[in-house]
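Keep in mind it's a predicted model, so treat the numbers as computed, not measured.
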Amino acid sequence: MRKHIKRAVSCLLVLAMVCGMTGCTTYNNFKAAFFPGDKVAQEKTIKIGIYEATSGKLSDQGKQEVMGIELANELYGTVLDKKVELIYGDNQSSMYVGETVIQELISQNPSVILGSCGETVTLIASDYIKAASIPAITISSTNPLITANNEFYFSATFEETRQGDALADYAYTGREKDVVATVKMQNDDTATATIKRFTNRMKKLSGDSKCIVGSYELPADSGDYTQVIEAIRESGAKAVFLALQPAAAQAFLQQAVDLRLTHVTWLGERSWNNEDLMDFIKSQPKLDVAYPSDFSQKVSTSRTEEFVQAYKKKYGEDMEPSEATAIAFDAYLLALQAIEDAQNMVMELTEDQVRARYETEATQKAAIAEWKQARETGIPTGRQIKMMLEQIENFNGASGIISYNGKNEATKSITINYISGGKEQTAYVVG
């Protein structure tokens, strides 16, 4: 027996060294199998999984999101009088690795999973999350298919095409621009959908179906945009929605400046929250630019102030938090709110009240079993947490006010950042 324990300890030490003592499923499973006494400690913790790309091509974004989660965890490290334990899974920006990593995370029984950046790695995790009935919150992936096809996958930000509505509201109501044009890259389906919402909203607001005076496409195989820029000049557009990614947007705006087309307001995408592009725009005093954002210190809630102060205290007074970090901070707090609400609901309901909520005997038995489990462990089940996430309304987040209204898509205000004369101007809030 002593040899058995000694061998187990030796193996455990080797696994700990290999895994770096963080986020290794093999290590955690081995530890639980050979040291069952640790189950007492496990019952005193609530696990939140972090499914993120902390290596690979998406690692910069992934690390920013992890920073927000960890910062929130430092400020709010307990829920239901239990310690919140973060468990990590690096999908390495790969759908193939992600498929394995999400299964490893699920095997550790987290109450909620947060992440990931990158639409492909997020979508690859979707079926496993749904099958496990564990609610997940994506932070920056805004593909509508993520939430549309999985009731357990929530978003912490607004769906991508909704920025088209917000930009139209800003252009017409905020800036009184009633003649507009649009520009996108060829074969960009997401941009096409966003532009459709922008143009439909502009027509509705203005009451004029002819307010769209130009819809232009840029060739993917050429960086010369002279022809489109001259067409915009001739169209008489007062505002132009550039549904372009940051690199293409910078190239287009540079050529617009060179060709002296600077009398219009350029409307950009959320992806324009990009340091290089912002530095360029601020270096061009003749540009008039607006773009949507989830986060702006110029439009803040009390939670924004708390977040920014904590961020600067941890990373330095001269450091500025990114939008991704702010949204990740909110995603963690949304998870805690739903966990607390779910357990409160469990403790308030009687068995008869639980039974009355369901029609069939099978669903009644399943719900009662979960109700009993949550009361015995002090930790709500994934289904119970998911139910309460859907009910969150007017959540005061660092990135704005968030509601779900019985769905899994976030309804939240959109901030339109405005830069003119090389300086940030007063932001505009839509919704």
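Taking 4.5 Å as the limit, some side-chain heavy atom of Met347 sits within range of a side-chain heavy atom of Arg375. Residues Gln384 and Met388 have side chains not in contact (no heavy-atom distance under 4.5 Å, counting atoms from C-beta outward). You'll find the side chain of Ile232 reaches within 4.5 Å of the side chain of Val228, heavy atoms only.
Ring geometry for Tyr404 against Phe154 counts as perpendicular: the plane angle is over 60°, on a 0 to 90° scale with 30° as the lower cut. Taking the six-membered ring where tryptophan is involved, the planes of Phe307 and Phe295 are perpendicular, since the angle between them exceeds 60° and thus also 30°.
In terms of heavy atoms, Val346 sits closest to Trp371 at O-NE1, 3.1 Å. Nearest heavy-atom pair, Pro380 versus Leu80, reported as atom, atom and distance to 0.1 Å: CD-CD1, 3.9 Å.
In this structure, a donor-acceptor pair under 3.5 Å is present between the side chains of Asp341 and Gln337. A side-chain donor-acceptor contact under 3.5 Å links Gln254 and Asp258.
Using a cut-off of 4.0 Å between Lys/Arg side-chain N and Asp/Glu carboxylate O, Arg175 and Asp288 are scored as salt-bridged. Salt-bridge check for Asp352 with Arg355: passed, with a basic side-chain N closer than 4.0 Å to an acidic carboxylate O. Between Lys412 and Asp294 there is a salt bridge, since at least one side-chain N of the basic residue sits less than 4.0 Å from a carboxylate O of the acidic one. Lys407 has no carboxylate O lying under 4.0 Å from a charged side-chain N of Glu151, or vice versa, which leaves the two without a salt bridge. Of the charged side-chain nitrogens involved, at least one lies within less than 4.0 Å of a carboxylate oxygen, so that Arg197 and Glu159 count as a salt-bridged pair.
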Problem - side chain to side chain contact (heavy atoms under 4.5 Å, CB included) between Gln245 and Asp188, worked out - result: CA-CA 11 Å; Gln245 291 298 301; Asp188 186 338; 5.5 Å; no
Exercise for the section: List the steps and the verdict of side-chain hydrogen bond (donor to acceptor under 3.5 Å, both in side chains) for Gln61 and Ser140. Expected result: CA-CA 9 Å; Gln61 178 87 357; Ser140 59; 3.2 Å; yes
Problem - side-chain hydrogen bond (donor to acceptor under 3.5 Å, both in side chains) assessment of Glu323 paired with Ser293 - result: CA-CA 8 Å; Glu323 178 183 70; Ser293 173; 3.0 Å; yes
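Applying the 6.0 Å contact sphere to CD of Glu361 captures no more than 12 heavy atoms from other residues, nucleotides or ligands. With a 6.0 Å radius and a threshold of 12 heavy atoms from other residues, nucleotides or ligands, Tyr96 has its OH atom at or below the threshold. For CG of Asp81, the number of neighbouring non-hydrogen atoms (other residues, nucleotides, ligands) closer than 6.0 Å is 12 at most.
Phe158 carries Arg270 over the face of its six-membered ring, with the cationic atom under 6.0 Å from the centre and within 45° of the normal.
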